[in-house]
There are 2 protein chains.
Amino acid sequence: MALKDRPDVSVLTEIGIISQLSNAALERSLPEGMSAAQFGVLTHFMRRGGEESPAKLAAAFQVTKGAMTNTLQRLETQGFVRVVADEADGRKKRVSLTEAGARAYEAGLMALRPRMEGLRGAFTDAEFAAALPFLQGLRVWMDENR
Amino acid sequence: MALKDRPDVSVLTEIGIISQLSNAALERSLPEGMSAAQFGVLTHFMRRGGEESPAKLAAAFQVTKGAMTNTLQRLETQGFVRVVADEADGRKKRVSLTEAGARAYEAGLMALRPRMEGLRGAFTDAEFAAALPFLQGLRVWMDENR
DNA sequence: GGCCTTTCATTCAACGTTGAACCAATAACA
DNA sequence: TGTTATTGGTTCAACGTTGAATGAAAGGCC
């Protein structure tokens with residue numbers, strides 16, 4: 001009784017559920033065969049462009065290298081990403097977006113649009129913005145104290 | 001550039017990371033062999049006591065019936081939970097906590113304590129409480145619009 | 001130069017989850 | 001009543017993830 005009624009536990013519980021629901025909604029909206037992880041990588045390249053090593057991508061997405069190897073292989077199989085060896089450093093690879101990858105990103109974005117609009121109709125930008133500092137602080141703390 | 005800077009997307013991104021970190025921290029703190037899902041079920045019974053059907057547990061934890069079958073089987077294997085057929089309704093089963101289950105819960109709670117105290121040292125109850133209404137609203141909305 | 005350490009990427013088994021198929025038991029209804 | 005629909009639980013393949021092991025390449029240091 002003391003446990004779940006504490007606000008910190010409640011916050012983490014709600015966050016867990018929201019994360020699950022949001023991820024499920026994302027994967028349901030996305031075109032067949034594109035996972036949330038794959039869409040995240042495409043988004044990364046659309047924003048930043050250029051090339052990135054698998055290790056940096058894994059760090060950016062808070063995911064193990066093994067997991068990133070997996071999603072990059074799936075992206076490459078679909079032709080959404082190009083992976084070449086880094087001739088300057090034999091350990092590294094350089095990943096970059098293909099034209100097909102950019103198109104896949106756009107398609108995913110379109111498929112996502114109705115759901116995102118629904119969300120923005122239910123809550124204001126101000127509400128999201130107001131919640132953000134605390135969430136960021138919480139994320140940073142959990143990241144530093146893992 | 002327009003996408004990830006929007007507060008709604010940022011909120012969901014932060015929530016996803018927090019969820020992952022919090023779940024990982026939970027499983028790392030818990031005694032060997034006890035998953036977050038299992039601990040959640042134990043917590044449920046410690047709070048509410050009595051008996052519950054697998055279907056109700058699945059609904060309470062927002063999880064498929066198959067997933068709940070899995071965690072209940074693992075709990076039963078460890079002797080933390082008792083599962084009997086419901087003689088009043090041949091489809092149902094009745095799940096209840098064992099003494100060993102109660103002890104396992106207490107052990108998990110103890111193992112969790114230092115981390116929870118660290119969290120409550122870094123943020124105040126008021127901060128968690130302030131964030132809660134928005135998170136609950138968001139959870140309810142995503143639940144209704146899935 | 002040689003040795004130790006670190007970094008990068010891959011592979012593999014294990015886990016928890018989903019979604020679908022399935023069967024048994026009950027409920028609803030003609 | 002008999003038939004159909006719904007509910008409860010299990011099983012299975014597939015997915016994404018972790019964590020650990022492996023190997024190759026580069027860096028640090030004497």
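These numbers come from the heavy atoms of this one structure, side chains and all, not from hydrogens, waters or symmetry mates. Chain A is the first sequence line, chain B the second, and so forth, proteins listed ahead of strands; every chain is numbered from 1. Please read these numbers as outputs of a predicted model, since none were measured by experiment.
For B:F45, there are no ring pair (Phe, Tyr, Trp, His ring centres under 6.0 Å) partners two or more places apart in sequence or in a different chain. Qualifying side-chain hydrogen bond (donor to acceptor under 3.5 Å, both in side chains) partners for A:R48, counting only residues two or more places apart in sequence or in other chains: none.
How far CD1 of A:I15 is from CD of B:Q20: 13.5 Å, rounded to the nearest 0.5 Å. The CD atom of A:E51 sits 11.5 Å away from the CG atom of A:L57 when rounded to the nearest 0.5 Å. In this structure, CD in B:E76 is found 7.5 Å from NZ in B:K93, a value given to the nearest 0.5 Å.
Side chains of A:L97 and A:M46 form a contact here, defined as non-hydrogen atoms less than 4.5 Å apart.
Rounded to an integer number of Å, the gap from A:K56 NZ to C:dT7 P is 13 Å. Taking atom CG of A:L57 as the reference point, atom P of C:dA9 lies 9 Å away to the nearest angstrom.
Side-chain atoms of B:S29 and B:R115 include a donor-acceptor pair closer than 3.5 Å.
Interface limits on DNA chain D: the 5'-most and 3'-most nucleotides within less than 4.0 Å of chain A heavy atoms are D:dG16 to D:dA26.
The nearest heavy atom of DNA chain C to A:S53 and to B:S35 marks one nucleotide each, and the one closer to the 5' end goes with A:S53. When each of A:Q38 and A:K65 is assigned the nucleotide of DNA chain D with its nearest heavy atom, A:Q38 is the one assigned upstream, toward the 5' end.
Residues of residues 90-98 of chain A having a heavy atom closer than 4.0 Å to DNA chain D, listed by number: A:G90, A:R91. Shown for residues 14-31 of chain B: residues whose heavy atoms fall under 4.0 angstrom of DNA chain D, namely B:Q20. Shown for residues 67-81 of chain A: residues whose heavy atoms fall under 4.0 angstrom of DNA chain D, namely A:A67, A:N70, A:T71, A:R74.
Taking every heavy atom of both residues into account, B:F39 and B:L109 meet most closely at CE1-N, 4.0 Å. The shortest non-hydrogen separation linking B:A60 to B:H44 is CB-CE1, 4.4 Å.
Ion pairing between A:R120 and A:E127 fails under the 4.0 Å rule for side-chain N and carboxylate O.
Between A:F123 and B:W141, the ring planes lie perpendicular to each other; the angle is over 60°, past the 30° to 60° tilted range.
For B:F134 and A:F128, the ring centers are positioned less than 6.0 Å apart.
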Dump the intermediate steps for side chain to side chain contact (heavy atoms under 4.5 Å, CB included) on A:M116 and B:D8, then the final yes or no.
-> CA-CA 9 Å; A:M116 292 306 287; B:D8 51 347; 3.7 Å; yes
